[in-house]
Amino acid sequence: MKEAAAPPPDDVRSRLVPPFMSPGPRLWETLRIPPALGDVLARWNGWVGPLLVTLVAGLLRFRDLGSPRAVMFDETYYAKDAWALVHRGFELSWPKDVDKQIIERFGDVPLPTDAAYVVHPPVGKYVIGLGELMFGLDPFGWRFMTAVLGTASVLLVCRIGRRMFRSTFLGCLAGLLLAVDGLHFVMSRTALLDGVLMFFVVAAFGCLVVDRDRARARLAAALPADGNGWVRPDAEVARTLRLGARPWRWAAGLMLGLAIGTKWSGLAVLAAFGLLTVLWDVGARRTAGARHPHLVVLRRDLVPAFLTTVPVALVTYLASWTGWILSPNDGTGGYYRNWALTEGKGRSWGFLEQHLDWLPSLWHYETQVWKFHVELTSPHTYESNPWSWLVMGRPVSYFYESPGPGQDGCPVDVVDKCSREVLAIGTPMLWWAGCLALLYVLWRWALRRDWRAGGILCGIAAGYLPWFMYQERTIFLFYAVVFVPFLCLALAMTAGALLGRPDAGETRRGAGISGLGLLVLLVLWNFVHFLPILTGEPIPLEEWQTRMWLDTWV
């Protein structure tokens, strides 16, 4: 690999918008590819590689997606809530024994009439409901859209990694690692909200990375060039230039609103990403020559950054409640829809009570949900403390059966019985290596002020650290799926350091390639080894036991 163009080290354009890595002629000679075809592949490799990785991820996720044919774990809530939302606009209270009927009658069950009290916003359930509208109230139907978003998130990570590292190889490596992570895989095949939340968080981050490049390119284009055409810093331009409408930041606000509309934990991501994009502007102004970049950003960029993210996210969140808002307020609509006209009547709502009665009702609903979340302390068999997440201390079993020989796919020659399990667990080799990668990325950010490391750490912190504030709350490992893409980006960044610079000696590059190859092979083997307990495949009990590496996994 070689770097396209070699500007002098003081050229500001290359610092604001670094060039992408491009394959050198030696690669095409080694692969016996004609130069003309090599040029075409070089132009398209930014999409061909990511799409191939995404294809692999999609084949894995959609293979036998409807199995196990059962309502797994919290699918008992979200699959039915989604069906109610896409048909009535709000969640309904289902009979307790309806799961068995749904499976036996292939979803041919009547809708309930009474509204249900639920504790999560509607966006994720609407997403799940899209699949049910296409394929019915069936395991394949309610898992379809999470598989689509799980697959699409692999493509996003490939492209985000490519843009951040300026390397298609490292971008594709990050996407491949995500494709073979067990937790991401299971969450892509299960109708839970966290996989949907993960997609919107990654999409928002990707929008901000593109926005960063576009804003810096605008600064570079406005800076003066010397007689050789190299761009030089200019304090006046860096101080006064307006960076325009920045549509990608509007798109990030939309994605963040959808994230919050899926689960409230998206609020922490909104705060973290809002700070991140402002700090990226500070770095851009400083590189362009601003003497006091923080003050410049405070005057020029802070208010636009706020207006293109927070209000957009808030409006998006409110819009997601449209079905509930438009439901009747006579007691037959959504839960608490008539609160302002009944229990809350006479509380001086004034204009709101007469014309916007849904607003105080929704506010009351949200306050009740907040109390539920902060006070949730009911013990659960698979709850875990966030301190144990990175080392896979306590995974979550979504499904388990013990069929006898000749039953439900269990081989007839099995001596004892088989095990069928869907275990929400990350690929251990990936996560344990990821712990080391986090140390490297933290070093790059703390001592080298590497913006890529800062962005990765921001994504991990936003999805991980808030859970430490709720040590007494009932929480689970699968919440970590939100920051798994950033863990894979951290590993890809570490892989780039392991490989060394493109101009390093053959011995150094050879050692780096060998080490990285060994790590990737270990992760791939580990994923394949664990695949039966990620998909509910019936395996002899002895084989299942060999995959329970820690006592806490049982």
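Fair warning: this is a prediction, and the values are worked out from it, not measured in the lab.
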Problem set entry | disulfide (SG to SG under 2.5 Å) partners of C458, counting only residues at least two apart | none

Exercise. Partners of L133 by side-chain contact (heavy atoms from CB on, under 4.5 Å), sequence neighbours excluded?
Worked result: V86, H87

Problem set entry | Pairwise ring-ring contact (aromatic ring centres under 6.0 Å, His included) hits with a residue in residues 130-157, at least two apart | F62-F144, F135-F140, F135-F144, F140-F144

Problem set entry | Inter- and intrachain pairs under salt bridge (Lys or Arg N to Asp or Glu O under 4.0 Å), touching residues 174-203, at least two apart | D194-K263

Exercise. Of all residues at least two apart in sequence or in a different chain, which pass the disulfide (SG to SG under 2.5 Å) check with C418?
Worked result: C410

Seminar exercise, completed: Residues at least two apart in sequence or cross-chain that pass side-chain contact (heavy atoms from CB on, under 4.5 Å) with A252, listed by chain then number, are C207, L208

Exercise. Got a second to check how far T168's OG1 is from W44's CH2, nearest 0.5 Å?
Worked result: 13.5 Å

For this session: Determine which pairs satisfy salt bridge (Lys or Arg N to Asp or Glu O under 4.0 Å) with at least one residue from residues 201-211, sequence neighbours left out, and list them in order.
Result: D211-R246

For this session: To the nearest 0.5 Å, tell me how far Q368 CD sits from Y336 OH.
Result: 4.5 Å

For this session: Determine which pairs satisfy salt bridge (Lys or Arg N to Asp or Glu O under 4.0 Å) with at least one residue from residues 156-165, sequence neighbours left out, and list them in order.
Result: R163-D213

Exercise. Residues two or more places apart in sequence or in another chain: which of them pass side-chain contact (heavy atoms from CB on, under 4.5 Å) with V523?
Worked result: L177, V180, T427, M429, L430, L519

Seminar exercise, completed: Residues passing the side-chain contact (heavy atoms from CB on, under 4.5 Å) test with H380, sequence neighbours excluded, are F73, Y382, E383, T474, F476

Exercise. What pairs meet the salt bridge (Lys or Arg N to Asp or Glu O under 4.0 Å) rule with one or both residues in residues 390-413, with sequence neighbours excluded?
Worked result: E401-R420

For this session: Quick one: which residue pairs count as a side chain to side chain donor-acceptor pair (under 3.5 Å) with a foot in residues 106-132, not counting sequence neighbours?
Result: E91-K125

